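First listed ligand is number 1; within each ligand, the first listed atom is number 1. Note that the structure is a prediction, hence the values are computed from the model and not measured.
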Amino acid sequence: MLVLLKFVNSRWHTRHVGLVPTMGYLHEGHLSLCRRARSECAHVAASIFVNPTQFGPNEDLARYPRDLPRDLRLLEQAGVDLVLTPDPGEMYPPNFQTYVTVEQVTQSLEGAARPGHFRGVATVVAKLFNIFQPDRAYFGQKDAQQVVVIKQMARDLDWALDVIVCPTVREPDGLAMSSRNIYLTPEQRRAATVLYRALNVAKAIWESGQREGEPLRQAMRETLATESLARPEYVSAADPISLDELGIARRGVLLSMAVRIGATRLIDNLFWNDVLLQERLVVR
Ligand code: PAJ
């Protein structure tokens, strides 16, 4: 039992430190998180670290885009006070051997497609939470499962911080901003708009009252099939809390997909919430 006799620490009732973890090569999506943190926190820290433990052996770790001078300029303009840009050897020194595994919500979707990915994400985010001791940490809805995993971890491991989820920032044609969009040729870039189109077709069906998962998945598959350059890896209409594929929706839906366009793997999602969801995937 913990008995609170008096408030001895002002951090218990004010919001001081905001943290925005990133892998750099920043775009408006990242910067929207920084601006949000700036508007809510006395101090704003960001990290730029292409985290090797969250990449699989055949993924794009070596060629992940990097531009530190530009990133630092953008972060300064967005009002960030402090940036951590560690080397891999500083985050994972020789003999490093402790990892964080979040069990159930990492089994499906990105977790199934990218084994070990969320172990790497949870481990590095845990380290960043310990290094910065933030009161608020900012993440994008673009990586919806990542948010669910981090919220689960923060709850399970008793971090007294708020995980704030910010809306996905999109290009004018709907493509979700991503550091990986730079890989796309002009033709692939045009084809990539099919992800958001497919999500919106399913959204319209949901809004017409459809609450079964399969017709929503089918509508997304059919729309993706109209684009010959798009190779879907998965298409999902899942329960937004358990992330299990939906039979019939009871508490909203998370529509998501991973699609290869050429060699580039893109993800996107939309979701609808109800009262229960406020707990898990709040986008304010
Ligand atoms: P990264 O892909 O660089 O993204 C950093 C943060 O920016 C994440 O919270 C992500 O969801 C958010 N973000 C990316 N694109 C966005 C968009 N279009 N709109 C809004 N937010 C967007 O996600 C990671 O890095 C890493 O996994 C990390 C959490 C830093 C751990 O290594």
Side-chain angles (χ1 to χ4, degrees), residues 18-37 44-56 59-61 64-68 70-71 74-75 78 80 83-86 88 91-92 99-100 102 106 110-111 114 116-132 134 136-154 162-183 192-193 195-196 199 254 256 258 264-271 281-284:
L19 174 65
V20 183
T22 83
M23 298 203 299
Y25 211 71
L26 304 178
H27 50 67
E28 270 304 306
H30 300 112
L31 297 175
S32 71
L33 271 50
C34 296
R35 291 194 203 100
R36 175 76 181 273
V44 179
S47 60
I48 298 177
F49 180 58
V50 183
N51 173 36
T53 61
Q54 70 187 74
F55 287 77
E59 294 185 358
D60 56 345
L61 172 62
Y64 195 85
R66 292 163 166 88
D67 189 344
L68 187 58
R70 176 176 172 273
D71 286 349
L74 291 172
L75 290 177
V80 171
V83 186
L84 179 72
T85 63
M91 291 299 265
Y92 302 108
Y99 292 87
V100 179
V102 179
T106 60
E110 289 299 284
R114 304 180 66 187
H117 171 66
F118 285 120
R119 175 181 183 258
V121 169
T123 301
V124 80
V125 171
K127 286 170 69 73
L128 294 168
F129 284 178
N130 283 335
I131 292 166
F132 284 101
R136 300 190 131 201
Y138 294 82
F139 295 89
Q141 187 207 320
K142 163 79 181 0
D143 300 280
Q145 188 176 16
Q146 175 167 277
V147 170
V148 173
V149 170
I150 289 167
K151 286 197 170 195
Q152 184 73 45
M153 175 182 82
D162 287 338
V163 173
I164 309 293
V165 188
C166 303
T168 302
V169 178
R170 298 180 179 281
E171 302 285 356
D173 64 6
L175 178 65
M177 289 193 182
S178 164
S179 306
R180 290 185 168 104
N181 292 350
I182 186 91
Y183 299 148
T193 56
L195 279 81
Y196 191 51
L199 289 167
L254 172 64
S256 66
T264 306
R265 185 174 185 279
L266 300 176
I267 59 171
D268 201 353
N269 70 82
L270 290 178
F271 75 86
L281 253 171
V282 188
V283 175
R284 292 186 257 197

Subset of ligand 1 atoms that lie under 4.0 Å from at least one heavy atom of [X]:
| X | answer |
| --- | --- |
| P21 | 5 (C), 6 (C), 30 (C) |
| Q146 | 8 (C), 9 (O), 23 (O), 24 (C), 26 (C), 27 (O), 29 (C) |
| V124 | 31 (C), 32 (O) |
| D143 | 10 (C), 11 (O) |
| Q54 | 26 (C), 27 (O), 31 (C), 32 (O) |
| L33 | 6 (C), 7 (O), 9 (O), 12 (C), 21 (N) |

If you measure every N or O of [X] against every N or O of ligand 1, does any of those distances drop under 3.5 Å?
| X | result |
| --- | --- |
| V169 | yes |
| M177 | yes |
| N51 | no |

Side chain of R136, backbone of P134: donor and acceptor closer than 3.5 Å?
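Looks like no, no N/O pair under 3.5 Å.
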**Prompt:** For P167, is the nearest heavy atom under 4.0 Å from an atom of ligand 1?
**Reply:**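 The answer is yes: ligand 1 sits under 4.0 Å from a heavy atom of P167.
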### Query
Is H27 near ligand 1, meaning one of its heavy atoms is under 4.0 Å from it?
yes
**Asked** How does M23 reach ligand 1, if at all, at less than 4.0 Å between non-hydrogen atoms: by side chain, backbone, both, or neither?
**Response**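 Both backbone and side chain of M23 come within 4.0 Å of ligand 1.
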Next item on the list: Indicate whether any N or O donor in one side chain lies under 3.5 Å from an N or O acceptor in the other, for N51 and Y64.
Entry: no
